[in-house]
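First up is the structure itself, then whatever we jot down about it.
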Amino acid sequence: MKKIAILGSTGSIGTQTVDILPSINAEVVALTTNKRIKLLEEQARLLRPKMVCAYDEQAARALAIALADTDIQVLSGMDGLVACAAASGADIVVTAVVGMIGLLPTLAAIEAGLDIALANKETLVCAGELVMRAARERGVRILPVDSEHSAIFQCMQAAGCNRADKLLLTASGGPFFGKSAAEMRSVTREQALAHPNWSMGAKITIDSATMMNKGLELIEAMWLYDMAPEDIEIVVHRESIVHSAVEFADGSVIAQLGLPDMRLPIQYALTYPQRLPCKTPRMHLTEIAKLTFYAPDEAAFPALMLARRAAAQKGDRGAVLNGANEAAVGLFLQDKIAFGEIAERVAKALDGISYQKNATLDDLLAADKAARALAMA
């Protein structure tokens, strides 16, 4: 029986991970949330983990009272996240927390020799070189959960010893496909949160609307698959059926298809290399009827150019890009800035924060902090 820790169990990926647990032979040993303690309490009573963590200190105190009649250990803060990742007795850690806070628990789990089911893209965006080096040194597998990176991973299974020539990273285009740069400036929070295909958390849904999500995924793919950023092509695919594809030296392209449902990539990361029956509905190509593909409009979606710039420079640029974007998205969700200002503030951070090429972990954390401060100013 595989032992699983789920960091961010009350979010979109976390709840879907809990949903597929009956399909696999697994024991949950740790669960975490930020503030959603009512749902975490329900999950804890159902799954009986060894430990739980609420990142928010006040929420953790309330959670400890709620679970006082159990023997479940209640932790808080970053120390609690790290303990749930590295000291809970897990075999594999699902990192489904949102944002930079996933970095330290992921590194701690890797240091403990645990496999990672990676749904927290910011970990590789901000510190891909450090994380992948640590994983290689510890013999740890980084198993992607994002639908696009899972698709590439699945396509690679058919490659044998052949290296990919190009990665084709598909994007839904979000709710604003076809809009001009001028039209994009005036969109509202409600419009940006109305994703046409996927049900996700607020932050990642806004990232999809700006297409920063795809830029972050490009950087993540660069580190996961050791690819040059110029060998990763972004293709807008409105139907969200082709989740990504890989092109090889002979021109052959292998793609992974499926309905837009995150439970399949989550389950594959947890059961790899096995494929077990999954709760997802089956795809019927005759009902889908057609698949369309378009080049992204980088004038309307400048986040893509900013992400490519950060990918090419490496160093601390991923941390700057991500930190500024998280801060700017937060301001937009609070109706404090316009939609078009998100990318503008990220660009100012990339321009205004000095570049560190050979960045240490401390350098990356400092770059993240500086980028957030500049974007908030």
Kindly work out whether a path of hydrophobic side-chain contacts (I/L/V/M/F/W/Y, heavy atoms less than 4.5 Å apart) joins I110 to V29.
no
Is it the case that Y272 and Q157 place a side-chain donor and acceptor less than 3.5 Å from each other?
yes
T170 side chain vs V242 backbone, donor-acceptor pair below 3.5 Å
yes
Here the pair of heavy atoms bringing V125 nearest to I219 is CA-CG2, 3.9 Å
Full working for ring-ring contact (aromatic ring centres under 6.0 Å, His included) between Y225 and F153
CA-CA 9 Å; Y225 303 110; F153 181 65; 7.4 Å; no
To the nearest 0.5 angstrom, please state how far the CZ atom of R372 sits from the CE atom of M100.
7.5 Å
Are I13 and M262 side-chain neighbours, meaning at least one heavy-atom pair lies under 4.5 Å?
yes
Assess the residue pair L103 and L361 against the criterion (side chain to side chain contact (heavy atoms under 4.5 Å, CB included)); give the C-alpha distance rounded to whole Å, side-chain angles, the decisive distance to 0.1 Å, and a yes or no.
CA-CA 10 Å; L103 175 57; L361 179 59; 3.8 Å; yes
Pair M212-V346, side chain to side chain contact (heavy atoms under 4.5 Å, CB included): steps then yes or no:
CA-CA 10 Å; M212 178 61 84; V346 174; 4.1 Å; yes
To the nearest 0.5 angstrom, please state how far the CD atom of E129 sits from the CH2 atom of W223.
4.5 Å
Any sub-3.5 Å donor-acceptor pair from R263's side-chain atoms to Q16's backbone N or O?
no
Side chains of C126 and N322, heavy atoms from C-beta outward: is any pair under 4.5 Å?
yes
Apply the test salt bridge (Lys or Arg N to Asp or Glu O under 4.0 Å) to residues K3 and D91: give CA-CA distance (whole Å), side-chain angles for both, the deciding distance (0.1 Å), then the verdict.
CA-CA 5 Å; K3 296 181 179 180; D91 302 311; over 6 Å; no
With a 4.5 Å heavy-atom cut-off, do L259 and T280 have their side chains touching?
no
Could you go step by step and tell me if I116 and V140 meet the side chain to side chain contact (heavy atoms under 4.5 Å, CB included) rule?
CA-CA 8 Å; I116 305 295; V140 164; 4.3 Å; yes
What I want to find out is whether E344 reaches K348 closely enough, with some N-O distance under 4.0 Å, to be called a salt bridge.
no
Using 0.5 Å steps for rounding, measure from the SG atom of C278 to the CD atom of Q267.
4.0 Å
Flag the pair F176 / F339 as yes when their ring centroid distance falls below 6.0 Å, and as no otherwise.
yes
Side-chain ion pair, R163 and D231, N-O less than 4.0 Å
no
Shortest non-hydrogen contact between A96 and G14, atoms and distance:
CB-N, 4.1 Å
How many angstroms lie between atom CD1 of I342 and atom CG of L333, to the nearest 0.5 angstrom?
7.5 Å
More than 12 foreign heavy atoms under 6.0 Å from CD of E190: is that the case here?
yes
Close side-chain approach of T17 and L270, heavy atoms under 4.5 Å:
yes
Go through Y268 and Q256 one step at a time and tell me if the side-chain hydrogen bond (donor to acceptor under 3.5 Å, both in side chains) criterion holds.
CA-CA 13 Å; Y268 189 64; Q256 188 264 332; over 6 Å; no
OH/Y294 to OG1/T292 distance, rounded to the nearest 0.5 angstrom?
4.0 Å
Does the distance from a Lys or Arg side-chain N to an Asp or Glu carboxylate O, for K38 and E42, drop under 4.0 Å?
no
Are R36 and Q43 linked by a side-chain donor-acceptor pair shorter than 3.5 Å?
no
Short N-O contact, E148 and K214, less than 4.0 angstrom:
yes
Distance-minimising heavy-atom pair for A209 and A192
CB-O, 3.8 Å
Which pair of heavy atoms, one from D165 and one from F248, lies closest together, and at what distance?
CB-C, 3.9 Å
H243 backbone acceptor or donor facing H237 side chain under 3.5 Å
no
Stepwise side chain to side chain contact (heavy atoms under 4.5 Å, CB included) check, L374 with V320
CA-CA 10 Å; L374 197 154; V320 172; over 6 Å; no
Flag the pair E27 and K2 as a salt bridge only when some basic side-chain nitrogen lies within less than 4.0 angstrom of an acidic carboxylate oxygen.
no
What I want to check is whether the side chains of K121 and N213 have a donor and an acceptor closer together than 3.5 Å.
yes
If you group Ile, Leu, Val, Met, Phe, Trp and Tyr by side-chain heavy-atom gaps below 4.5 Å, do L276 and I20 land in one group?
yes
Please report the closest heavy-atom contact between A328 and R345, naming both atoms and the distance.
CB-CB, 4.3 Å
Of all heavy-atom pairs linking A371 and G323, the shortest is CB-C, 4.2 Å
So do the side chains of I101 and Y55 get within less than 4.5 Å of each other, counting heavy atoms only?
yes
Does R48 reach the main-chain N or O of I72 with its side chain, forming a donor-acceptor pair under 3.5 Å?
no
Ignoring hydrogens and angles, tell me if any N or O in the side chain of R189 forms a donor-acceptor pair with the backbone of F332 under 3.5 Å.
no
Decide whether M227 and L130 are clustered together by the hydrophobic rule: side chain heavy atoms of Ile, Leu, Val, Met, Phe, Trp, Tyr closer than 4.5 Å, transitively.
yes
Just wondering, are more than 12 heavy atoms of other shown residues or ligands nearer than 6.0 Å to CE in M78?
yes
Would you confirm whether T32, through its side chain, and G8, through its main-chain N or O, come within 3.5 Å as a donor-acceptor pair?
yes
Non-hydrogen side-chain atoms of L306 and L350 separated by less than 4.5 Å:
yes
Short side-chain to backbone donor-acceptor contact, E287 and H284, under 3.5 Å:
no
E137 side chain to A134 main-chain N or O, any donor-acceptor pair under 3.5 Å?
no
Using a strict 4.0 Å threshold on nitrogen-to-oxygen distance, state whether D56 and R61 make a salt bridge.
no
Are more than 12 heavy atoms from other residues, nucleotides or ligands located less than 6.0 Å from atom NZ of K314?
yes
Is it true that V98 and L193 fall in one hydrophobic cluster, defined by side-chain heavy atoms closer than 4.5 Å?
no
Measure the shortest side-chain to side-chain distance between N34 and T10 over non-hydrogen atoms and say whether it is less than 4.5 angstrom.
no
Assess the residue pair N325 and D207 against the criterion (side-chain hydrogen bond (donor to acceptor under 3.5 Å, both in side chains)); give the C-alpha distance rounded to whole Å, side-chain angles, the decisive distance to 0.1 Å, and a yes or no.
CA-CA 9 Å; N325 180 65; D207 282 348; 3.0 Å; yes
Can you tell me if N120 and E122 form a side-chain donor-acceptor pair at under 3.5 Å?
yes
Check whether any side-chain heavy atom of K279 lies under 4.5 Å from a side-chain heavy atom of S23, and answer yes or no.
yes
Measure the CD1-CG distance between I204 and D146 for me, rounded to the nearest 0.5 Å.
6.0 Å
Check for me, please, whether M1 and I266 land in the same ILVMFWY cluster - side-chain distances under 4.5 Å, paths through other members count.
no
